[in-house]
Number of protein chains: 2
Amino acid sequence: MRKKVTLKQLAKELNLSISTVSKSLKNDSEISEKTINRVHELANFYNYKPNALAVSLKSNKTNTIGVLLPEILNHFYAKVLYGIEQEASKNGYKIVTCITNESYEKEVEYVEMLNYSSVDGFILALSKETQMLNKLDHFKDLKRDNVPLIMFDRVSNEVDCDKVIVDDKDASKTAVRHLIKTGCKKIAVISTIFDLSVGKLRLEGAREEVSANRGVSLVELPINNIETEEKEIESFLKNNEIDAVLGLDETAAAIAINMSHKLGYKIPEKISVIGFTDGLLAKHSYPKLTIISQHAEDLGAKAARILLERLSNTSENSYKTKTEIVKTSLILRDSTI
Amino acid sequence: MRKKVTLKQLAKELNLSISTVSKSLKNDSEISEKTINRVHELANFYNYKPNALAVSLKSNKTNTIGVLLPEILNHFYAKVLYGIEQEASKNGYKIVTCITNESYEKEVEYVEMLNYSSVDGFILALSKETQMLNKLDHFKDLKRDNVPLIMFDRVSNEVDCDKVIVDDKDASKTAVRHLIKTGCKKIAVISTIFDLSVGKLRLEGAREEVSANRGVSLVELPINNIETEEKEIESFLKNNEIDAVLGLDETAAAIAINMSHKLGYKIPEKISVIGFTDGLLAKHSYPKLTIISQHAEDLGAKAARILLERLSNTSENSYKTKTEIVKTSLILRDSTI
DNA sequence: CTGAAAGCGCTTACAG
DNA sequence: CTGAAAGCGCTTACAG
């Protein structure tokens with residue numbers, strides 16, 4: 001069982017009251033300088049730290065932000081987390097992170113758990129399963145308890161809260177436009193995330209851009225089963241005379257590159273490839289992948305800033321929620337012409 | 001500011017005392033069935049949840065484990081985290097994770113912060129900077145406060161605590177033995193982690209195994225600057241007549257494969273490649289990388305189990321610490337013969 | 001300048 | 001069977 005020095009013990013040893021010790025540690029002007037010094041000295045000696053549980057119980061705030069991520073082996077979320085962490089710690093907030101692993105049940109469980117642990121607010125992206133089932137009741141508790149919530153990336157229209165999203169549709173358009181500009185005529189879109197809000201938007205963008213250009217066509221390869229993704233992409237590349245691939249998630253484009261190697265197709269000479277998310281796979285593919293960067297770190301920082309703002313306005317019990325859109329960038333590397 | 005129903009409010013509305021309500025919620029046999037039912041009904045209606053801060057303050061335990069990771073964009077640590085999480089949540093424990101980003105200062109800060117937040121125990125791998133500076137004073141606080149600590153993977157001999165490590169030296173030996181068995185004569189070892197305990201052990205293993213085999217030689221490529229890693233590996237491959245590469249961290253082997261593509265070297269025909277860590281890069285390289293798996297998930301679960309055991313033995317204030325070793329496996333894929 | 005008292009939301013030994 | 005009281009470790013308005 002953990003042991004810690006308390007105000008009580010310091011008070012006893014100094015022959016002072018608990019109140020005086022408490023005030024001294026805050027350098028309260030009420031207290032004589034001499035007493036303040038005595039108290040600090042002993043506190044330092046014992047390495048006294050106030051008990052955070054007691055402080056939080058009293059103040060009704062924990063200075064903690066709960067963060068829920070669908071997945072962590074994903075550079076986008078990992079970087080968002082980093083952005084949140086930076087901004088939060090700059091402002092004296094801690095973060096507690098839970099990974100839902102794309103499970104609705106886990107998401108519900110973690111929201112309850114963190115709410116029960118009295119985090120001051122939430123930042124989260126919905127799990128895949130939650131988006132598919134479209135069950136959002138677990139967020140009503142937060143509303144009822146008056147706990148602010150910021151959703152990012154994977155959001156739901158049915159929850160009224162602040163949101164930070166990426167301009168996914170525009171991003172796809174920009175990518176496709178680049179492919180067309182460099183001479184591609186038959187563009188494949190590979191997606192494992194057609195169930196997600198972001199996947200839908202990205203696909204829509206590609207469709208719109210293609211249909212706005214005469215003589216260019218789109219072939220869609222939706223992948224249901226991650227297990228067979230490689231094989232599906234390989235046979236797709238073999239059986240379709242395409243000259244470009246747009247991968248809508250982090251891995252699809254990388255796999256397209258690998259399968260092209262296998263089939264002996266040159267990149268970018270025969271096939272141009274663009275992916276989403278500036279992650280490890282993109283950096284360590286050969287040739288290096290041209291990608292859409294979602295500026296994950298900025299996005300995280302932005303979400304944190306909005307939350308901190310909500311937390312500082314303790315007065316307003318209800319407020320008008322807002323949605324901010326983060327602009328993406330197309331980063332040209334070696335997998336496109 | 002968050003609002004929550006409390007025992008007090010329930011008591012008032014039910015015309016009962018706080019004690020009776022509290023006991024009823026726990027189905028205490030002292031209380032009449034009728035009262036218990038009344039209380040539960042209202043509690044359900046209001047969705048009452050006890051305030052975790054108050055419970056923890058009273059019980060002096062938070063059911064929370066603090067986890068410190070050097071890096072998260074690293075499959076090994078991400079999977080260890082997953083293993084810890086599984087085991088912890090199975091036993092009603094939550095985890096709070098902090099990423100040190102290989103910084104000594106951050107590590108000190110987080111240890112203090114989590115200790116101050118009253119986590120029940122710690123599981124951590126040291127940051128690179130901490131291992132280089134070899135400053136370990138921040139763990140004395142934990143000892144003084146009687147908070148159990150489990151170190152894994154990157155550990156220090158100078159801290160007396162439970163440890164879970166990987167048989168890194170044997171792992172390298174096994175890898176090199178396989179290379180030799182398949183006919184490799186001149187083996188390169190590429191390392192960006194020669195400062196780390198694990199990096200040293202892996203290198204040692206490779207050296208020992210090579211010197212035990214006549215006619216086989218080792219070439220070492222230590223890389224100081226991650227920025228120029230690719231170029232260094234490329235020119236190394238060009239200027240050395242090697243027939244095998246052992247990459248001691250997650251990325252080195254992947255880069256070796258990419259640079260081989262660039263130089264037109266066939267894998268595994270001309271060069272065999274083995275890497276450490278069964279991560280995304282290994283899975284999505286072409287050809288698929290033969291790797292040493294450290295069984296990260298098991299390792300995490302094991303660390304959690306040891307900690308939970310320590311936490312359940314509240315009686316013992318001092319105990320004999322132990323070190324457990326997790327066996328690695330060589331997983332043969334397509335980058336070796 | 002210092003301290004006693006109330007209170008944050010719980011739990012539990014004790015009294016009735 | 002129910003409740004008053006003490007206490008976990010703090011903060012702060014109030015009294016002296």
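In what follows, chains are A, B, ... by sequence order, proteins preceding strands, each numbered from 1.
Of all the residues in residues 47-66 of chain A, A:L57, A:K58 reach under 4.0 Å from DNA chain C with at least one non-hydrogen atom.
Applying the ring pair (Phe, Tyr, Trp, His ring centres under 6.0 Å) definition to pairs two or more places apart or across chains, those involving residues 110-140 of chain A are A:Y104-A:H138. Evaluation of the salt bridge (charged side-chain N to carboxylate O under 4.0 Å, His left out) test over residues 109-135 of chain A, restricted to residues two or more places apart or in two chains, returns A:K106-A:E109. The salt bridge (charged side-chain N to carboxylate O under 4.0 Å, His left out) pairs that include a residue from residues 154-166 of chain A are A:E102-A:R154, A:K143-A:D160, A:D162-A:R310, where partners are two or more places apart or lie in different chains.
At distances below 3.5 Å, not a single donor-acceptor pair connects side-chain atoms of B:E87 with backbone N or O atoms of B:A304. No side-chain donor-acceptor contact under 3.5 Å links A:N101 to the backbone of A:S103. A donor-acceptor pair under 3.5 Å is formed between the side chain of B:S56 and the backbone N or O of B:K61. Judged by distance alone, the side chain of A:S22 and the main-chain N or O of A:I18 form no donor-acceptor pair under 3.5 Å. Side chain of A:Q131 to main chain of A:S197: a donor-acceptor pair is present (N/O by atom type, distance under 3.5 Å, no hydrogens or angles).
Counting any heavy atom pair closer than 4.0 Å across all strands shown, B:S32 reaches sugar-phosphate atoms only and no base atom. Nucleic acid contact for B:S22: base, since at least one base atom lies under 4.0 Å from a heavy atom of the residue.
Interface limits on DNA chain C: the 5'-most and 3'-most nucleotides within less than 4.0 Å of chain B heavy atoms are C:dC8 to C:dC14.
Take the nearest nucleotide of DNA chain D for A:K23 and for A:K8: the residue whose nucleotide is more 5' is A:K8. Comparing B:L7 and A:N15 against DNA chain C, the residue whose closest nucleotide sits nearer the 5' end is A:N15.
C:dA4 sits 15 Å from D:dG7 when the P atoms are compared, rounded to a whole Å.
Between A:I99 atom CD1 and A:L81 atom CG the span is 7.0 Å, to the nearest 0.5 Å.
Checked against A:S24 for a side-chain contact (heavy atoms from CB on, under 4.5 Å), the options A:L10, A:L14, A:I31 give a single hit: A:I31.
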Toss me the dot-bracket line for DNA chain C: Watson-Crick and G-U wobble, both under 3.5 Å, 5' to 3', using | for pairs to another strand and [ ] for crossers. |||.||||||||.|||
